[in-house]
Structures are given as structure tokens and as C-alpha cells.
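First up is the structure itself, then whatever we jot down about it.
Both ligands and their constituent atoms are indexed starting at 1 by order of listing. Heavy atoms only: backbone and side chains are in, while hydrogens, waters and symmetry mates are out.
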Amino acid sequence: MSGNHTKNPNEPLGPNKSVEFIEPPQDSASLRPDPKNLFADGAPSERALRALYRKSVISVNDFSREQVVSLCKLAANLESVEITAYHPLDGKLIITAFFEASTRTRISFESATLRLDGKIISIPEGGQTGVKKGESLEDIGEMFNAYGDLVIMRHTETDAIERIRKGLRLPIINAGNGTGEHPTQALADWYALLKWNPGLAEEAPITEPLSLGILGTPGSMRTVKSFLRLALTFQQHIKSVTVISEMADPLGEEMGEEIAAAGIDLKTTNDMGKYLPTLDVIYMNSIVCVGDHYSAMDASYKLNKDSEIKKGAVILHPLARLDELDRSLDNTAHNLYFAQAHGAAFIRQALLICVLGRLYQLPNDIKLSE
Ligand code: CP
């Protein structure tokens, strides 16, 4: 184990100060798996985390499996302690530029930053920047170089990330680009699953590999696409993937080829009743971004507390929800979606600490392996 993370400029609250451990909230019957389960048997890899320094995150394919597991373990540590006193992002300035509506992603990134004692320039309505006058994203990227240390951007258009990167030399985190990807949502999804079943963090297949079900259309929904793409890095733990969609070809060519190449047993169907009772993990979504407006897709697949859901199965939903996910499920042990949303702040803390190079400012009670 390496303990001091190389250097600690934060002497008064430095490595010898013991951290204050906190307990997860238990405010309903919804699942709130204890984050300590995830790092009890192994520390995050310092080497894997350090490799994220100054790296942009555009797709889940920007992470190795070791990095995903290590980020989840670091997030579990951060979720277990009072971290603010260590000021991990002291002096760092983050720009959140949202050209599309958001509740969770922008606010959890901003909460994560502020709890780590970083600062935020928040642009909740990107349309009020120079784009309103016709300014290009490339020029806005050039301006951002002088204003902050990291950019987090959401945009309605899939190619917006590549456009701003033409002018930007800071690292950028994709917070959702059109129908493209939402990589930090997928991190939050798998962070929730790894806390629920810490065996998923191991190389050896879990005793009972999972049947994953998707109620949605990965080809059109960026959250579902990123979730499924990241699932491929956990393929030894997955028995099958069943995509339940109103569309005839819900995956699109690219995703279909990726899943086939991973050798996962894949079914696509529009018959929810047949497959629902077989699923261990159900990932659902219905809101899709279509240009500058939203529409509902696969909204005919609705779940409530009387649905034939397997005992022990969990539901993930990136939220916001419409009526496909009934509130009667909120107070049941199928509800992993609130833990998924709450945990997002901690996985985003972990990512910000790594991309901004502040692992050394963590307390020594947070152990990293070589
Ligand atoms: N999950 C998610 O992306 O939610 P927001 O649209 O509220 O950010």
C-alpha cells in the first residue's frame, strides 16, 4: 500500500490527521449499499488513477477497466469520509458549460467541486454565451483556456465536443453530447452496481453472472449507450443482455458490432412480459434529446411495484423519469436508482481529483495500491 500519495502541501490538516468516517443515509427501503464494502478487500490503483491526469473524458472507451474499478473504489472512500477539510481542489477553477438542460449532472459536478474546495464558473444556459450572436464553439474553447483549469460541457449536438476541442487546450469532460455519450453517467451507474455487488470489481467471474435488461434504445439514448458500452468491460460477470425496445433495430450498427465482438449473449425484443422476470439488473430510460427538444421513447414499457420483477433484482434509471418508472417502486429494495443518483457526486469527485492531479492532497487514511 502507498499511503502518502507523494506529497502533501496541506500541513495543518495533513496525512496524520485521522479522517472522520460517516455512515450512509438510510432514509427509505431503497437500496443504499455501504460504500465501505467496495474498498474493504483492495485499494484503488494509484498508477491507474494517475494516468488520468489532464486527460479529457469523451467516451467510456477513454477508461480501462482498472481505471473504472479504481475510480469506483476511490469514490467509495470519498463517500465514507468527511473530505472537505483536506481541500483537494483548493485553487482549481472548473467551468461547467451546459448548452442543454440538466438537474443531476451539472449540480452534482458543481457540488462535487465545491465540497472539494474547488471553484466553479457555472454556465447553466450556454445559449446565453456568444453563441447567441453566432460565435463558434471553437472560439469559445479558445477563451476558456484563459478562464479555468477544466471544462465540463453538455450540448444538444453530438459533434459539439469535437468542435470546442479545436480551440480548447484544457481537459474537457463530456457531460452528454446529443445522442453520443454520457460517460460520467455510466461511471455513476457502474459505481452503484459495484457497491451493490462488490464481486463485480474482481477479475474472477461472480458466482451467478448477471442477466442485464435494457428498457430503452441504446442507439438513440446516450445514457443507455454509455451504460452498455461500459458493461462490455465487465463482460466476465454478464450472462446475457436483453434489449427491450419499441424499435426494430434498437442498437444501431456500431453498438451491435461491439456487443457481438464481446461475445455476450444478446437478445433484442419488444416483449417485456416474457423477459422481465429473468432480469437481475434493469436499466431503463425514456427521455431522448432530439435536436433542441425532447421526446419520450419506449415509454410503453412501464414498471411499478406490482410488475413481475425478480426477487433481488435492481432497477437503474439515469433520471429524469416520466411515468415509465412508477413512484410505488421508490420505497422498495428494487430501487437502486436513488443510490445511483446520489453516488454520482462521489464518482465525479474521484474523477475531478484525478484529472486535476490532486491525489496527493487526499488524507493518508485513503489508501492507494502501487
Ligand atoms: N442523468 C442525467 O444526465 O440527468 P440530468 O439530465 O439531470 O443531468
Should Asp330 and Arg321 count as an ion pair when the cut-off is N to O under 4.0 Å?
yes

Lys/Arg-Asp/Glu bridge criterion (N-O < 4.0 Å) met for Asp280, Lys310
yes

Arg106-ligand 1 polar pair, N/O distance under 3.5 Å
no

Before you tell me yes or no, could you show the steps for Lys302 and Asp326 under salt bridge (Lys or Arg N to Asp or Glu O under 4.0 Å), namely the whole-Å CA-CA distance, both residues' side-chain angles and the distance that decides it to 0.1 Å?
CA-CA 7 Å; Lys302 299 186 198 308; Asp326 192 80; over 6 Å; no

What residue and heavy atom of the protein are closest to atom 4 (O) of ligand 1, and at what distance?
Arg104 NE, 3.1 Å

Could you identify the single nearest non-hydrogen protein atom to atom 6 (O) of ligand 1 and state the distance to 0.1 Å?
Arg154 NH1, 2.9 Å

Between ligand 1 and Pro318, is the shortest N or O to N or O distance under 3.5 Å?
yes

Given the options Leu352, Ile95, Ile123, Ile152 meets side-chain contact (heavy atoms from CB on, under 4.5 Å) only with Leu352

Looking at Lys225 and Glu254, is any side-chain nitrogen of the basic one under 4.0 Å from a carboxylate oxygen of the acidic one?
no

Kindly compute the distance separating CG (Asp265) from CG (Leu212), expressed to the nearest 0.5 Å.
11.5 Å

Nearest protein heavy atom with distance in Å, relative to atom 7 (O) of ligand 1
Thr103 N, 2.7 Å

Closer than 4.0 Å to some heavy atom of Leu319 - which atoms of ligand 1 meet that?
1 (N), 2 (C), 4 (O)

Please check whether Gln185 reaches ligand 1 - meaning an N/O of the residue sits under 3.5 Å from an N/O of the ligand, judged on distance alone.
yes

